[in-house]
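Bear in mind the structure is a predicted one, so any value in this text is a computation, not a measurement. Below, chain A is the first sequence line, B the second, and so on; all start at residue 1.
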Amino acid sequence: MRIKSAPTGLEYVKERIAKIVADAVTRLKADGTLPADAQPAIIVERTRDRAHGDFACNIAMMLAKQAQSKPRELAEKIVAALDTGTQVARVEIAGPGFINFFLGPAAWHSVIGEVLTQGEVFGRSTLGAGKRVQVEFVSANPTGPLHVGHGRGAAYGAAVADLLEAVGYEVHREYYVNDAGRQMDILATSVWLRYLELGGTEFDFPSNGYQGDYVQDIAATLRREHGDSYQHSAEELFTGIPADAPAGDKELHIDALIERSRQLLGDNRYRYVFELGLNTILDDIRDDLGLFGVNYQEWYSERSLVESGAVNKTIERLRHSEHVYEKGGALWFRSTDYGDEKDRVLVRDNGQSTYFASDIAYHMDKLERGFERVIDIWGADHHGYVPRVKAALEALGDDPGRLDVLLVQFAVLYRGGEKVQMSTRSGEFVTLRQLRKEVGSDAARFFYVMRKCEQHMDFDLDLAKSQSNDNPVYYIQYAHARVRSVFRQLAEKDLVWNREAGINGLDTLTEAHEDALLVKLSRYPEILESAATNHEPHQLTHYLRELANDFHTYYNAHTFIVDDATLRDARLALIEATRQVLSNGLHLLGVSAPDTM
RNA sequence: GCGCCCGUAGCUCAACAGGAUAGAGCACCGGCCUUCUAAGCCGACGGUUGCAGGUUCGAAUCCUGCCGGGCGCGCCA
């Protein structure tokens, strides 16, 4: 979903309270009660318990020492200095010195009008206006289809990116395509070997080759396009090649096969097989992610970095930095100077630069493209990689503080209470495509972001699939559909909702359930801001669950389509606003908001 | 062995830059459909926040040390 602009100049309830407190602090500084140089952070929080009011401020406890006063006594002075205006009904001092604010109903009513007039833009803010941030995520090697592990990175990265955009950042979503390394050569060779098998050549497929069915499919395409013209015999292929495991070394074996493939095919035809494999898989990944609601501004090629000379340029720059030395014929980066565990190789003794070298060049390029913040979303198994990348950026004179690496822990799938076994080597992994097909894109997107990224996740396939009350996705979607259903009922009864009358008649909403719903709706912008800045989309999933809960409760307790037109219009305004917020939140997570279920 | 992440109700997880009586869902038990979708609602049960110290007005949250689990420690990518 693309939404161009966020509203400007909005001031949410919480901010109004913070401002009232800040003004009081200024007054107390002026009269000497507080030291003039005090720079307190005004923290206003939603209370957990409404017996403590709607908002609480702990400022008196924070400043007590500086003011040489007891927290509660200072709290009283602050309260005396408050200019609360019309929306605050009551202020109380409680516990160790909290200042609790009780708001009147009118304070919440404005929220409904804002939601209804702003529609799908409601909740968005300009917090990050003018700042560019890059989010790089998934970036799986294009050597096979995405599996469920990548799915979490995809759902999480997309949600983080969309949230940042929602609070005003200009977001650049990027997929780094590792199209240059040895793995790609293994893929190309695997494809060609399968092609040879299809042509009747018999041999043992290398244990280190790519085993999946998709390799056979690509080989079949090659045969369809070129017939027998790429065919060679097993003798040509294997004569002089070192043995495969278990007798020999599987790495030496596959490397020798890659070399032999190059010789036998020649540069052009080898290139052709290579490109066919790469493009087929990349197209598949792009399609897969697209159907998952995950889209990018840019697919950035590693090879383009190598070919443009950027990698060599980076190596040269590092060479002049005094953090680089030669040992054993290889070129090393002394990352231990920056706290890394050991030094890292930039250029191997065979003259080939490492993946690490390209990655330094890539990150340097990111920073030079002028993003205020660069966010990498990696699998947790790459955590050891963070220090060396930051070290290299520092050695190059860049600020590693601009790079945030968010590590996503693994998701373990459960089916029928049993852990789903996955082994990449046999090609028997569960692909993202299979997961989408099994549980649907909505459930998969939602489940993947229900946990904060550093939490190990148990993904219950049965639960995600179940169309029951245990499933939070359906629970929230059902709330949305229910509102739509109410309006369909309204039409069947030949009644029309008067929106303006509803907004003007909000005073008639005096039920506790209505109050709870109003308060919950007013929190939405705060949730977005917090979820975005903390990179925690799970906050939004929990919020939506709570909002749906408040709605279902209200639905069961009261009838909306009542005879009293004023009350009816007001109630419909409230539930339509609820529907809008549910819809906005779900869309940010890449989940649909259905009209019927 | 070293490093990173995690440890909260029987299970899966929350707890908003340390806040007040640690909250939800599931499971189990008991209620609610002649009224807008019961894919729903209400109630009950459930805790020494892994253990032991420390920091302060106040700790699940910060620090130290243990215990337990995951991941990583290549001239692979």
Assign [X] to base, sugar-phosphate, or nothing according to its heavy-atom contacts below 4.0 angstrom with the strands shown.
{"X": "A:Ser530", "answer": "sugar-phosphate"}
{"X": "A:Ala94", "answer": "base"}
{"X": "A:Ala557", "answer": "nothing"}
{"X": "A:Phe487", "answer": "nothing"}
{"X": "A:Ala380", "answer": "sugar-phosphate"}
{"X": "A:Asn100", "answer": "base"}
{"X": "A:Ala479", "answer": "nothing"}
{"X": "A:His558", "answer": "base"}

Can you check the distance between [N] and [M], where both ends of the measurement are the [atom1] atom (answer in whole Å)?
{"N": "B:G7", "M": "B:C13", "atom1": "C1'", "value": "13 Å"}
{"N": "B:U55", "M": "B:G40", "atom1": "C1'", "value": "49 Å"}
{"N": "B:C6", "M": "B:C62", "atom1": "P", "value": "9 Å"}
{"N": "B:U21", "M": "B:A60", "atom1": "P", "value": "11 Å"}
{"N": "B:C57", "M": "B:A20", "atom1": "C1'", "value": "13 Å"}
{"N": "B:G46", "M": "B:A59", "atom1": "C1'", "value": "24 Å"}
{"N": "B:U64", "M": "B:C71", "atom1": "C1'", "value": "24 Å"}
{"N": "B:A9", "M": "B:G65", "atom1": "P", "value": "25 Å"}

Check if the side chain of [X] and the base of [N] share a donor-acceptor pair of N or O atoms closer than 3.5 Å.
{"X": "A:Asn556", "N": "B:G40", "result": "yes"}
{"X": "A:His382", "N": "B:G72", "result": "no"}
{"X": "A:His456", "N": "B:C6", "result": "no"}
{"X": "A:Asp179", "N": "B:A77", "result": "no"}

Spacing of [X] atom [atom1] relative to [N] atom [atom2], expressed in whole Å:
{"X": "A:Tyr543", "N": "B:G25", "atom1": "OH", "atom2": "C1'", "answer": "19 Å"}
{"X": "A:Met457", "N": "B:C13", "atom1": "CE", "atom2": "P", "answer": "9 Å"}
{"X": "A:Gln539", "N": "B:C13", "atom1": "CD", "atom2": "C1'", "answer": "14 Å"}
{"X": "A:Ile254", "N": "B:A77", "atom1": "CD1", "atom2": "C1'", "answer": "15 Å"}
{"X": "A:Asp340", "N": "B:G74", "atom1": "CG", "atom2": "P", "answer": "11 Å"}
{"X": "A:Met62", "N": "B:U56", "atom1": "CE", "atom2": "C1'", "answer": "13 Å"}
{"X": "A:Asn350", "N": "B:C76", "atom1": "CG", "atom2": "P", "answer": "8 Å"}
{"X": "A:Glu454", "N": "B:C13", "atom1": "CD", "atom2": "P", "answer": "13 Å"}

My understanding is that a pair needs two contacts under 3.5 Å, Watson-Crick or G-U wobble. By that rule, which nucleotide pairs with [N]?
{"N": "B:G68", "result": "B:C6"}
{"N": "B:U55", "result": "none"}
{"N": "B:A44", "result": "none"}
{"N": "B:U21", "result": "none"}
{"N": "B:G1", "result": "B:C73"}

Most 5' of A:Asp595 and A:His542 on RNA chain B, judged by nearest nucleotide: A:His542
Most 5' of A:Tyr385 and A:Ala548 on RNA chain B, judged by nearest nucleotide: A:Ala548
Phosphate OP1/OP2 of [N] contacted by [X] side-chain N/O (<4.0 Å):
{"X": "A:Lys327", "N": "B:C75", "answer": "no"}
{"X": "A:Lys452", "N": "B:C5", "answer": "no"}
{"X": "A:Arg48", "N": "B:A20", "answer": "yes"}
{"X": "A:Lys65", "N": "B:C57", "answer": "yes"}
{"X": "A:Thr553", "N": "B:G40", "answer": "no"}
{"X": "A:Arg348", "N": "B:C76", "answer": "yes"}
{"X": "A:Gln455", "N": "B:A14", "answer": "yes"}
{"X": "A:Asn58", "N": "B:G58", "answer": "no"}
{"X": "A:Arg482", "N": "B:A39", "answer": "no"}
{"X": "A:Arg72", "N": "B:A20", "answer": "no"}

A:Lys14 atom NZ: more than 12 heavy-atom contacts under 6.0 Å: yes
Atom CG of A:Asp563 with >12 non-hydrogen neighbours under 6.0 angstrom: no
A:Arg182, nearest nucleotide to its side chain (from B:C16, B:G72, B:A77): B:A77
Nucleotide nearest A:Arg545 (side chain, heavy atoms from C-beta), chosen from B:C13, B:C57, B:A24: B:A24
Charged tip of A:Arg90 within 45° of A:Phe102 ring normal and under 6.0 Å: yes
Ring-face cation contact, A:Tyr543 with A:Arg523, 6.0 Å cut, 45° max: no
Plane angle bin for A:Phe551 and A:Tyr555 - parallel if under 30°, tilted between 30 and 60°, otherwise perpendicular: tilted
A:Asp359 bridged to A:Arg388 by N-O distance under 4.0 Å: no
Pairing of A:Lys366 and A:Glu174 as salt bridge, 4.0 angstrom limit: no
Stacking of A:His538 on B:A14 base (centres under 5.5 Å, planes under 30°): no
A:Phe98 aromatic ring stacked with six-membered ring of B:A20, 5.5 Å and 30°: yes
Contact check, side chains of A:Arg499 and A:Glu576, non-hydrogen atoms, under 4.5 Å: no
Gap between atom CD of A:Gln489 and atom CG of A:Leu495 - 0.5 Å precision: 11.0 Å
Glycosidic conformation of B:C33, taking syn as within 90° of 0 and anti otherwise: syn
Syn-anti status, with the boundary at 90° from 0, for the nucleotide B:A17: syn
Exercise: identify the closest heavy-atom pair between A:Ala464 and A:Phe447: CA-CZ, 3.6 Å
